[in-house]
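Accompanying notes for the structure given below.
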There are 2 protein chains.
Amino acid sequence: MKNISQEDYISIIYKHRDGGGVIKSNTIAERMNISNAAVTDMVRKLSRDGLINYTRYKGVSLTGSGETKAINLIRRHRILESFLYKIVKMPWEKVHEEVENLEHGASDDLVNRLEVMLEYPEYDPHGDPIPDKKGKMPKARSAVRLDLLPTEKSAIVVRVNDYDHEFLRYVASVGITMSSEVKVKSQLNFDKSIVLTVDGNDINMSQKMASNIFVQEKKNRIK
Amino acid sequence: MKNISQEDYISIIYKHRDGGGVIKSNTIAERMNISNAAVTDMVRKLSRDGLINYTRYKGVSLTGSGETKAINLIRRHRILESFLYKIVKMPWEKVHEEVENLEHGASDDLVNRLEVMLEYPEYDPHGDPIPDKKGKMPKARSAVRLDLLPTEKSAIVVRVNDYDHEFLRYVASVGITMSSEVKVKSQLNFDKSIVLTVDGNDINMSQKMASNIFVQEKKNRIK
DNA sequence: GATATAATTTAAGCACACTTAAATTTATAA
DNA sequence: TTATAAATTTAAGTGTGCTTAAATTATATC
C-alpha cells in the first residue's frame with residue numbers, strides 16, 4: 001500500500017516552500033493541522049528515504065527525486081480536479097476536497113487516460129498549471145494579486161489558491177469563479193480590506209482573502 | 001479520515017458469507033491475505049462498533065447496520081467499476097484492481113453523480129448487480145456455473161467473480177469477457193478440468209477457475 | 001554579547017493494523 | 001469417550017503517525 005501521509009507532506013512542501021525552495025517545519029505543521037513534533041518525526045523518515053534534505057533546526061527542501069515525486073502528485077491532483085469538474089460536472093468549489101480523498105488511490109495509468117479524455121489540459125479548475133507526463137509545466141499566466149489591483153480597473157479572475165476548502169466555498173458563494181469579472185472599488189486603510197464589484201454586487205473582502213485570488217487586467221478596448 | 005481496513009472487512013464478509021449469513025474467521029484471513037490473529041483483533045472492533053455479531057470461536061455475521069454499510073460499499077465499488085469501464089474505457093480486467101485502491105476516497109455524492117452519468121446501470125462490468133441508492137438490488141440473472149454446463153451446449157458469459165486480480169487477468173487473456181460465447185467440449189474425469197471453445201480456440205481450464213465463471217445457455221433457434 | 005522569546009526537537013505515550021508463537025477451544029475420528 | 005487435529009484466540013512485539021510536555025537550539029532585542 002502507498003504511503004498516504006508521505007504523499008501529503010511532499011505535496012505540502014512543494015506548494016508552500018519559499019523562493020529558495022525551503023520550508024520551515026512550522027509551516028508544514030500549520031498547513032497540515034498537526035503538531036510540530038509530528039512533523040519532526042515524518043521529516044526524518046522522508047530524509048531517510050531520500051526525498052528531502054534535512055538538517056536539525058533548519059527548514060527542509062526537496063531532493064531531486066522528491067521534486068520529481070511532488071510534480072507527479074501535483075499532476076495527479078490537478079488532472080483529477082479537471083476531470084471531476086469538466087466531465088463529471090461536479091461544482092467548482094467541491095472538486096478540491098473530493099480529490100484530496102480520491103487521489104491517493106489513483107494509478108498513473110488512470111491519470112494518463114483521464115489526461116487524454118481531457119485533451120491534455122494546461123490548467124486545472126482553479127487556474128493552476130498541470131505538468132505533463134515528463135513533469136514539464138505550462139508557463140504560468142501573468143496575473144496580479146487581487147489585493148494589489150488598482151481601484152476602478154476591471155479584471156478577470158484566472159487563478160484561486162486551493163489551500164483551504166472553507167475559503168473556496170466562500171469565494172464561490174459570493175459569485176467568484178474562474179473568468180469572473182471583478183473591479184476593486186476601494187481599499188480601506190483601516191484593515192486593508194477591499195470593496196469589490198462582482199456581477200453587479202458589491203462585496204467586502206479581507207486582504208488575506210483577496211491575496212489568494214489572482215486576476216488579469218482587462219485590456220481597454222481600442223476607442 | 002475513513003477507516004479503510006474496516007471497509008475492506010465488511011465487504012469481504014458480505015461477499016463471502018455462506019447461505020446462513022455466517023463467515024469463519026479463517027475465510028476472512030484467507031481472502032484478505034492476513035493472519036487469523038489480525039482477524040480476531042479487527043472482528044472485536046467491528047463487533048464493538050455494532051457492525052457484526054461475534055461470539056468467540058464461532059463465525060461472524062453482519063448486523064443490520066453492518067449490512068446496510070456493506071451494500072453501500074458494494075454499490076460504490078460497482079458504480080466506480082462501471083464508470084472506469086464504460087466511460088474511461090479502461091480494460092475490463094484492470095478496473096477491479098484500480099477501484100480497490102480508488103474506492104475508499106470516493107464520496108456518496110460522487111458515486112451518485114456517476115450513477116446518473118451511467119444512466120442507472122443494473123450490472124457492473126463483471127456482471128454483478130448494482131444496488132440502488134436505497135440498497136435495493138436488481139434481481140440476479142439466472143446463470144449456471146461454467147463447470148456445470150453440459151457439454152456441447154453453447155452459452156454466453158454473464159458474470160465472472162472478481163475475487164482475484166490474477167484470475168481476471170488470466171480469464172481476459174484467453175479471450176473470455178462479458179457476452180463471450182463459450183462451449184464445453186469435454187470434462188476430464190482425472191482432474192475435473194474442462195476443455196472449452198472460445199472464439200474458435202480450444203482452451204483447457206481447471207474446475208476451480210470454471211466454477212467462478214457463470215453462463216446462460218443459448219436458446220435454440222426455432223427451426 | 002547577554003538574555004528573552006520563539007521555533008524546533010526529544011521524550012514518553014497512544015491507537016491502529018498488523019506479525020509470530022503459544023495457549024486454548026472445538027471438531028473429528030478411533 | 002478420549003486422543004488428536006484443526007481452528008481460533010491470546011500474548012508479546014513491531015512500524016506508523018499522531019499527541020502533550022519538557023528540553024534544547026536559534027533569533028531578535030537591548
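Letters go in sequence order (proteins before strands), and every chain restarts at 1. Since we're looking at a predicted model, the values are computed, not measured.
- Separating the OH atom of A:Tyr57 from the C1' atom of C:dT5 is a distance of 15 Å, rounded to the nearest angstrom.
- In this structure, A:Arg56 reaches the C:dT10 phosphate: one of its side-chain N or O atoms is under 4.0 Å from OP1 or OP2.
- With respect to the salt-bridge test (charged N to carboxylate O, under 4.0 angstrom), the residues B:Arg76 and B:Glu7 qualify.
- A distance of 6.0 Å or more separates the ring centres of B:Tyr9 and B:Tyr54.
- The nearest whole Å value for the distance from the CG atom in B:Asn36 to the P atom in C:dA23 is 18 Å.
- Across the protein-nucleic acid pair, A:Asp8 atom CG and D:dG17 atom P stand 10 Å apart, rounded to whole Å.
- Residue contacts shown for B:Thr40 include a base, since a base heavy atom lies under 4.0 Å away.
- For the residue pair B:Asp124/B:His77, the side-chain donor-acceptor check at 3.5 Å is not satisfied.
- The pair A:Arg17-A:Glu67 meets the salt-bridge criterion, since a charged nitrogen lies less than 4.0 angstrom from a carboxylate oxygen.
- A straight line from NZ of B:Lys45 to P of D:dT10 spans 14 Å, rounded to a whole angstrom.
- As a whole-Å value, the separation of B:Leu46 CG from C:dC16 C1' is 13 Å.
- To the nearest angstrom, P of D:dT8 lies 9 Å from CD1 of B:Ile28.
- Where B:Lys58 and A:Val43 meet DNA chain C, the nucleotide closest to each residue was compared, and A:Val43 sits on the side nearer the 5' end.
- The nearest whole Å value for the distance from the CD1 atom in B:Ile4 to the C1' atom in C:dC16 is 12 Å.
- Contact check, A:Ser35 against D:dC18: no side-chain N or O comes under 4.0 Å of OP1 or OP2.
- Each of B:Thr27 and A:Met42 has a nearest nucleotide on DNA chain D; the 5'-most of these lies closest to B:Thr27.
- Base engagement by A:Asp41 is indicated by at least one non-hydrogen atom pair under 4.0 Å involving a base atom.
- Between the P atom of C:dC16 and the CD atom of B:Glu7 lies a distance of 16 Å, rounded to the nearest Å.
- Taking 4.0 Å as the cut-off between side-chain N and carboxylate O, B:Asp109 and B:Arg113 count as a salt-bridged pair.
- Residue B:Arg44 has a polar side-chain atom (N or O) positioned under 4.0 Å from OP1 or OP2 of D:dT10.
- For B:Ser5, no side-chain nitrogen or oxygen approaches OP1 or OP2 of C:dC16 to under 4.0 Å.
- Closest contact between the side chain of A:Ala37 and the listed nucleotides C:dT19, C:dA11, D:dT8 involves C:dA11.
- Phosphate contact (OP1/OP2 of D:dT9, side-chain N/O of B:Tyr54, threshold under 4.0 Å): present.
- Side-chain nitrogen and oxygen atoms of B:Asn26 include at least one within less than 4.0 Å of the OP1 or OP2 phosphate oxygen of D:dT8.
- Using a 4.0 Å cut-off, some side-chain N or O of B:Lys24 falls inside it from OP1 or OP2 of D:dT8.
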